[in-house]
Amino acid sequence: KKTKGDPKTGQEEESHTCCGCRFPLLFALLQLALGISVTVLGFLMAGISSSLLVRDTPYWAGIIVCVVSLVGFVMLCISYQPDEKTCVQFTVKLMYFLLSALGLVACVLAVAFAAHHYLQMTKFTCDTILETCQCKLDRADPLSRTFVYQDAADCDSLTSMLNLYLLLQMVLNLIAALVCLSSCFVMWKHRYQVFYVGVRFYPLTATEVQQQKV
């Protein structure tokens with residue numbers, strides 16, 4: 001049997017911690033902060049103009065990342081068991097992995113939509129007409145598509161604020177995507193006992209297994 005002063009026991013206790021914190025506390029805190037930021041910024045963008053599409057106000061990506069972080073906090077309340085010996089632990093870890101993958105996809109989509117909209121706005125020529133901001137990509141082309149932003153009394157302020165928000169969305173969603181990717185990577189590696197939050201697992205040798213059995 002292992003005693004309290006056994007160094008192997010201390011190594012096992014530290015194997016599922018990072019900087020003194022249990023996994024996935026660090027990832028969950030980052031995901032929560034980024035998810036709230038993306039969600040709030042998305043609703044602020046929706047308040048600028050009622051004609052903005054849902055894809056242009058990616059609060060949905062922030063909500064998904066917030067849900068992922070909540071599942072991570074739930075995992076902290078479950079007693080750690082090596083090799084997922086309990087169904088609850090296995091289920092929560094699987095949910096966290098799948099939701100992190102979903103959050104990764106959502107954040108990448110949000111970055112793509114924001115980048116596309118931002119590139120379009122750099123080529124816009126806008127005019128204010130009856131409390132609306134009407135923008136065209138090519139004013140010389142009569143068949144060019146017209147983008148209408150409702151509830152906008154000043155096109156200059158709308159385009160400047162929208163450009164700033166789109167840049168922030170790209171940065172925040174990119175960071176959130178990297179955090180979700182890192183959490184998926186760590187969860188996948190831990191499943192096969194390669195490492196766990198930067199702490200490497202080394203398989204027991206046959207001699208050590210026999211000593212433990214004795």
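For Cys135, the disulfide bond (SG atoms under 2.5 Å apart) partners at least two apart in sequence or on another chain are Cys126. Taking the ring-ring contact (aromatic ring centres under 6.0 Å, His included) definition, one finds that Tyr149 meets it with nothing, sequence neighbours left out. Legend: residues meeting ring-ring contact (aromatic ring centres under 6.0 Å, His included) with Phe73, ordered by chain and number and at least two apart, are absent. Here Asp154 pairs with Asp156, Ser157 under the side chain to side chain contact (heavy atoms under 4.5 Å, CB included) rule; sequence neighbours left out. For Tyr118, the ring-ring contact (aromatic ring centres under 6.0 Å, His included) criterion is met by no residue, not counting sequence neighbours. Taking the side chain to side chain contact (heavy atoms under 4.5 Å, CB included) definition, one finds that Val40 meets it with Ile36, Leu44, sequence neighbours left out. Residues passing the side chain to side chain contact (heavy atoms under 4.5 Å, CB included) test with Leu178: none are found, sequence neighbours excluded.
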### Message
Evaluate Val179 against Leu34 for side chain to side chain contact (heavy atoms under 4.5 Å, CB included), listing each step before the verdict.
### Response
CA-CA 9 Å; Val179 172; Leu34 291 169; 4.0 Å; yes

### Task
Determine, stepwise, if the pair Thr132 / Ile129 fulfils side chain to side chain contact (heavy atoms under 4.5 Å, CB included).
CA-CA 5 Å; Thr132 62; Ile129 302 175; 4.3 Å; yes

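Legend: side-chain hydrogen bond (donor to acceptor under 3.5 Å, both in side chains) pairs involving residues 98-114, not counting sequence neighbours, sorted by first then second residue: Ser100-Ser183. Within the structure, every pair that satisfies the disulfide (SG to SG under 2.5 Å) test and touches residues 146-175, not counting sequence neighbours, is listed here: Cys133-Cys155. Within the structure, side-chain hydrogen bond (donor to acceptor under 3.5 Å, both in side chains) pairs that include any residue of residues 32-50 comprise Ser49-Ser51, Ser50-Asp151 (at least two apart or interchain).
Under the 4.5 Å side-chain heavy-atom criterion for grouping Ile, Leu, Val, Met, Phe, Trp and Tyr, Phe27 is connected to Val92 within one hydrophobic cluster. In the hydrophobic clustering of ILVMFWY residues, with side-chain heavy atoms under 4.5 Å counting as a link, Met95 and Val65 come out apart. Linking Ile, Leu, Val, Met, Phe, Trp and Tyr residues whenever their side-chain heavy atoms come within less than 4.5 Å places Leu94 and Ile64 in a single cluster.
The structure places OG of Ser69 at 8.0 Å from OH of Tyr96, a figure rounded to the nearest 0.5 Å. Leu30 CG to Ile175 CD1: the interatomic distance, rounded to the nearest 0.5 Å, is 9.5 Å. For the atom pair CG (Leu70) and CD (Gln31), the distance works out to 10.0 Å, reported to the nearest 0.5 Å. Atom CD of Gln150 is separated from atom CD of Gln134 by 8.5 Å, given to the nearest 0.5 angstrom. One distance of note links NZ of Lys123 with CG of Leu137; it measures 7.5 Å at 0.5 Å rounding. For the atom pair CD1 (Ile48) and CG (Asp56), the distance works out to 11.0 Å, reported to the nearest 0.5 Å.
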Donor-acceptor list for residues 164-173 side chains, cut-off 3.5 Å, not counting sequence neighbours:
| unit_1 | atom_1 | unit_2 | atom_2 | d |
| --- | --- | --- | --- | --- |
| Gln169 | OE1 | Asn173 | ND2 | 2.9 |
| Asn173 | ND2 | Gln169 | O | 2.8 |

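Hydrophobic cluster membership of Val108, counting Ile, Leu, Val, Met, Phe, Trp and Tyr whose side-chain heavy atoms lie under 4.5 Å apart directly or via other members: Leu104, Leu181.
Taking the six-membered ring where tryptophan is involved, the planes of Phe43 and Tyr59 are essentially parallel, since the angle between them stays under 30° and well short of 60°.
The side-chain heavy atoms of Leu102 and Leu98, taken from C-beta on, include no pair separated by under 4.5 Å. With contacts defined as side-chain heavy-atom distances shorter than 4.5 Å, the pair Trp60/Val54 qualifies.
Between Gly35 and Cys66, the shortest heavy-atom distance links the atoms C-SG, 3.4 Å.
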